[in-house]
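Please read the structure below before turning to the comments.
In what follows, chains are A, B, ... by sequence order, proteins preceding strands, each numbered from 1. If you're wondering where the values come from, they're calculated on a predicted model, not measured in any experiment.
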2 protein chains.
Amino acid sequence: MPDTDLPLYFRLFNEIGIVDQLGRARFEKRLPQGVTVSHFSVLNHLMRVEDGRTPLELARAFQVPKTTVSHWLTGLDTLGFVNLRPNPNDRRSKQVWLTEAGRAFRDKAIADLAPDLARVKDVMDPDEVADLVARLERLRIWLDTNR
Amino acid sequence: MPDTDLPLYFRLFNEIGIVDQLGRARFEKRLPQGVTVSHFSVLNHLMRVEDGRTPLELARAFQVPKTTVSHWLTGLDTLGFVNLRPNPNDRRSKQVWLTEAGRAFRDKAIADLAPDLARVKDVMDPDEVADLVARLERLRIWLDTNR
DNA sequence: TGATTTTGATACGATACCGTACTAAATAAT
DNA sequence: ATTATTTAGTACGGTATCGTATCAAAATCA
């Protein structure tokens, strides 16, 4: 790889970092006090993939240490958005189930945030976003696989 | 398994978040103990843009609270990578200057990280990365402006 | 079978980051 | 010129995340 390309790959992660920074801040500001973007992401994941996941599965999915997931789940439990039940298949383990309140919160959060998020259309139309998402997904999968 | 369930614009920030997560973890793992990705980014910025920047300029560039920059700079100062000197133009302010050790560290870090970073080429060639960077930059500027 | 290793989860402590409140200096207003 | 407002930086406290150590339950093995 030519030297001239190198800074480019650094810049890629640099830009991603700043966009994430801005996106998270924007998001968090519009979520109710005490609910983090991580909380929202977990609820989202549980609805998308399906609930009953174990903490460890979540840690793998989000690529964070399992202690972090523990912290998320105690928060979500306190908020009344999930229930932690013993895992019938493995008595060391647990399963995370969404409550009605959790599902409702997630749906409302999406509804509340969507209008603001849709403003991104001003700078990038859906086709382009779809393309961007596809490329990022490819990159994500590679990073995940080749660790 | 694209999350067709999740609105497109949510998926965008979701993917960006995960890629950032993976990228940061990957970087951090290869940096010496006590040096964070943030530290590296600041050194990088100071060499790219040029040193003598004020803390507030850095906060704006990275879109983080100024208290966070304060924290970064005390760390970098302790590491001996920057010097904080009074700003001759404004006695409330400071200027951040790179030390020789700071420059050397940054250069070595880049040299050390480059081979791994180059592997990303397996999944995305420079042209595509350049395109991706341009789009993310456009998105970043919009997010920054329309807050 | 009993002993050893591995695995899922948490307790605990460290730290990175953020928000609020404060000080000092610059700028604006009167 | 005096006062009021804004601005640059930091101290301090809170919290999200992470690493290490620990415990209990599998899984492996001898």
Side-chain angles (χ1 to χ4, degrees), chain A residues 17-18 20-43 52-79 82-97, chain B residues 17-18 20-42 52-79 82-97 147:
Chain A
I18 299 182
D20 182 57
Q21 166 74 23
L22 291 170
R24 274 184 105 75
R26 191 186 189 96
F27 224 111
E28 197 118 7
K29 203 170 56 184
R30 292 159 207 266
L31 285 175
Q33 171 72 13
V35 184
T36 66
V37 174
S38 299
H39 290 149
F40 172 78
S41 301
V42 171
L43 293 180
R53 298 310 93 209
T54 71
L56 195 59
E57 280 175 322
L58 294 175
R60 292 211 183 92
F62 287 97
Q63 293 302 327
V64 295
K66 48 191 183 168
T67 51
T68 302
V69 174
S70 256
H71 187 250
W72 290 348
L73 295 178
T74 46
L76 285 167
D77 198 3
T78 304
L79 287 164
V82 302
N83 281 142
L84 291 166
R85 304 199 207 126
N87 185 338
N89 311 314
D90 185 336
R91 292 193 313 176
R92 292 169 300 182
S93 179
K94 296 184 177 176
Q95 287 180 333
V96 187
W97 297 93
Chain B
I18 300 181
D20 183 55
Q21 166 75 22
L22 291 171
R24 276 183 104 77
R26 193 183 188 98
F27 269 171
E28 197 116 15
K29 204 171 56 185
R30 292 158 209 267
L31 286 175
Q33 170 73 15
V35 184
T36 66
V37 174
S38 300
H39 290 150
F40 171 78
S41 301
V42 171
R53 297 309 94 210
T54 70
L56 196 59
E57 280 175 322
L58 294 174
R60 293 211 183 92
F62 287 97
Q63 292 302 327
V64 295
K66 49 189 184 169
T67 50
T68 301
V69 173
S70 256
H71 186 250
W72 290 348
L73 294 178
T74 44
L76 285 166
D77 198 2
T78 304
L79 288 164
V82 302
N83 281 143
L84 291 167
R85 304 201 207 123
N87 185 338
N89 310 314
D90 185 337
R91 291 194 314 178
R92 292 170 300 181
S93 179
K94 296 184 177 175
Q95 287 180 334
V96 187
W97 297 93
R147 238 174 306 175

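With the 3.5 Å cutoff on both pairing distances, Watson-Crick and G-U pairs in DNA chain C assemble into runs of at least 3 at C:1-30 with D:1-30.
Among all heavy-atom pairs drawn from A:Pro86 and A:Pro88, the shortest one is O-CD, 3.3 Å.
The nearest whole Å value for the distance from the CD atom in A:Glu57 to the P atom in C:dT7 is 15 Å. The CG-P distance, from B:Leu76 to D:dG9, rounds to 15 Å in whole Å. Between B:Asn87 atom CG and D:dT10 atom P the separation is 12 Å, expressed in whole Å. When rounded to the nearest whole Å, the span between CZ of B:Arg24 and C1' of C:dC17 equals 10 Å.
Taking NZ of B:Lys66 as the start and CG of B:Leu58 as the end, the distance is 13.5 Å to the nearest 0.5 Å. Distance check, rounded to the nearest 0.5 Å: CZ of B:Arg53 to CD of B:Gln95 gives 7.5 Å. Remark: B:Asp90 CG to B:Leu56 CG distance equals 10.0 Å, nearest 0.5 Å. Taking CD from A:Glu57 and CZ from A:Phe62, the interatomic distance works out to 12.0 Å, rounded to the nearest 0.5 Å.
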Stepwise side-chain contact (heavy atoms from CB on, under 4.5 Å) check, B:Thr36 with B:Leu31: CA-CA 7 Å; B:Thr36 66; B:Leu31 286 175; over 6 Å; no
Verdict with supporting geometry, A:His39 and A:Leu43, side-chain contact (heavy atoms from CB on, under 4.5 Å): CA-CA 6 Å; A:His39 290 149; A:Leu43 293 180; 5.7 Å; no
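Formation of a donor-acceptor pair under 3.5 Å by the A:Gln63 side chain with backbone atoms of B:Gln21 is not found in this model.
Residue whose closest nucleotide on DNA chain C sits further toward the 5' end, between A:Gln21 and A:Leu56: A:Leu56.
Taking a 4.0 Å limit (strictly below) on heavy-atom distances, residues 29-40 of chain B does not reach DNA chain D anywhere. For the segment residues 62-74 of chain B, the set of residues with a heavy atom within less than 4.0 Å of an atom of DNA chain C comprises B:Val64, B:Pro65, B:Thr67, B:Thr68, B:His71, B:Trp72, in numerical order. Only B:Arg92, B:Ser93, B:Lys94, listed by number, bring a heavy atom of residues 89-96 of chain B to less than 4.0 angstrom from any atom of DNA chain D.
Counting any heavy atom pair closer than 4.0 Å across all strands shown, B:Glu28 reaches no nucleic acid atom.
Using a 4.5 Å heavy-atom threshold, the side chains of A:Val96 and A:Thr54 count as separate.
Listed by chain and residue number, A:Asp20, A:Val37, A:Ser38 satisfy the side chain to side chain contact (heavy atoms under 4.5 Å, CB included) test with A:Arg24 (two or more places apart in sequence, or in another chain).
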Donor-acceptor pairs under 3.5 Å, side chain of residues 71-78 of chain B to any protein atom, not counting sequence neighbours: which ones?
from, atom 1, to, atom 2, distance (Å)
B:Thr74, OG1, B:Ser70, O, 3.2
B:Thr74, OG1, B:His71, O, 2.9
B:Thr78, OG1, B:Thr74, O, 2.8

